[in-house]
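We're numbering straight along the sequence, starting at 1.
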Amino acid sequence: MEHKMEKRRNADVIVETLAVDGKRVIDVGCGDGHLARHLAKFGARVLGVECSPRQLAKARAAEAVDSVEIVEGVGQSLPAPSGEADYVVFFNSLHHIPQAVMGKALEEAARVLKPGGLVYVSEPVAEGRFFETCRAVDDETEVRALAYNALRTCAALKPVQEFRYVHTVQMRTFDAFRERIVSANIERESRFDANRESLRALFEANGTRTDSGWAFEQPMRVNLLQR
């Protein structure tokens, strides 16, 4: 399926899809703040919301950007006033929200949006070589399906658009892969280290060597919903 989809970069897709200049954006599950800082370069005023202490520490250690604020919080109870945001972004984060409150998180997104505001949900599809590599540590097939079902059944938001493409994940080293996997969910750390050598073999078998490290193709799906 991958070869039938256009290859695009995640960072390009979001700014080509959303006109963020001068807009208020809430980035739910902002991780280390990389996307928030990227959107700020295009004129967005971003509130990043993150619950992981490790990710929050990384976000706060990065160089400060005037139009970016990173706060502790969760998607199902956003620390933001009602009706203030132009866009709410779930970038690879909706499936990390507990199943029981995925719907609540989308309702919260609707609450903080201005009338006509958009929710941008970007999720990795449960297929492709990068997924197969990560799956050996944590199989997210079910939670990604649950996240997709949550957005399809959310009564508070109206579906606007859905599209797919292939993003190339770049990893400089195997240790960089470990850090990426573990930082998203600290519970993966012991599983990863217990199977380190078999995971290294899988990483090298599924990846493609490049001048800067390793590359993996990951199919992506974007859903746009409107308040």
Verify same cluster id: Leu35, Val112 (apolar side-chain graph, 4.5 Å): no
More than 12 heavy atoms of other groups within 6.0 Å of Glu189 CD: yes
Close side-chain approach of Asp86 and Lys114, heavy atoms under 4.5 Å: yes
Heavy-atom donor-acceptor pair, His167 side chain to Asn10 backbone, under 3.5 Å: yes
Gap separating the CZ atom of Arg178 from the CG atom of Asp193, nearest 0.5 angstrom: 4.0 Å
Crowding at CD, Gln99 (>12 non-hydrogen neighbours, <6.0 Å): no
Heavy-atom neighbours of Arg200 CZ exceed 12 at 6.0 Å: yes
Salt-bridge present (Arg24, Glu84; N to O < 4.0 Å): yes
Pairwise distance CD1(Ile181) to CZ(Arg188) - rounded to 0.5 angstrom: 5.5 Å
Pair listing, side-chain hydrogen bond (donor to acceptor under 3.5 Å, both in side chains) test, anchored in residues 51-72, at least two apart: Lys58-Glu179
Stepwise side chain to side chain contact (heavy atoms under 4.5 Å, CB included) test for Leu18 and Lys23: CA-CA 10 Å; Leu18 301 178; Lys23 302 298 186 181; over 6 Å; no
Centroid separation Tyr148 to Phe90 less than 6.0 Å: no
Thr173 side chain to Asp175 side chain, donor-acceptor N/O pair below 3.5 angstrom: no
Approximate separation, where rounding is to 0.5 Å, of Thr133 OG1 and Leu199 CG: 9.0 Å
Gap separating the CZ atom of Arg45 from the CD1 atom of Ile26, nearest 0.5 angstrom: 10.5 Å
Ring centroid separation Phe203 to Phe216 under 6.0 Å: yes
Same cluster (ILVMFWY, side-chain, under 4.5 Å), Val125 and Phe130: no
Sub-4.5 Å side-chain heavy-atom contact between Arg227 and Val119: no
Any donor-acceptor pair under 3.5 Å from Gln76 side chain to Gly103 backbone: no
Between CD1 on residue Ile97 and CG on residue Leu146, distance to nearest 0.5 Å: 12.5 Å
Cationic N near anionic O, under 4.0 Å, Arg221 to Glu127: no
Same cluster (ILVMFWY, side-chain, under 4.5 Å), Val121 and Leu224: no
ILVMFWY network linking Leu151 to Phe163, side-chain heavy atoms under 4.5 angstrom: no
Side-chain heavy-atom pair Tyr120, Val222 within 4.5 angstrom cut-off: yes
Parallel, tilted or perpendicular: rings of Phe174 and Phe192 (30°, 60°): tilted
4.5 Å side-chain heavy-atom contact, Leu39 and Val15: yes
Contact list for residues 12-21, test side-chain hydrogen bond (donor to acceptor under 3.5 Å, both in side chains), sequence neighbours left out: Arg8-Glu16, Arg9-Asp12
Rounded distance (nearest 0.5 Å) linking atom CE of Met171 with atom OG1 of Thr210: 11.5 Å
Side-chain heavy atoms of Met220 within contact of Met5, under 4.5 Å: no
same_hphob_cluster(Val68, Leu56) at 4.5 Å side-chain heavy-atom cutoff: yes
Validation row: Arg144, Pro124 side chains within 4.5 angstrom (heavy atoms): yes
Row check, Trp214 ring normal vs Arg172 NZ/CZ: under 6.0 Å, within 45°: no
Flag, side chain of Arg129 to backbone of Ala215, donor-acceptor distance under 3.5 Å: no
Side chain to side chain, Asn223 and Pro159, heavy atoms closer than 4.5 Å: no
Ser198 side-chain N/O to Asn195 backbone N/O, donor-acceptor pair under 3.5 Å: yes
Under 3.5 Å: donor-acceptor pair, side chain of Glu123, backbone of Leu94: yes
Thr141 side chain to Ala126 backbone, donor-acceptor under 3.5 Å: no
Heavy-atom side-chain proximity of Lys41 to Arg37 below 4.5 angstrom: no
Any donor-acceptor N/O pair, Glu108 side chain to Leu78 backbone, under 3.5 Å: yes
Contact summary for Gly128 and Pro219, nearest pair of heavy atoms: CA-CD, 4.1 Å
Within 6.0 Å of NE2 in His34, more than 12 heavy atoms from elsewhere: no
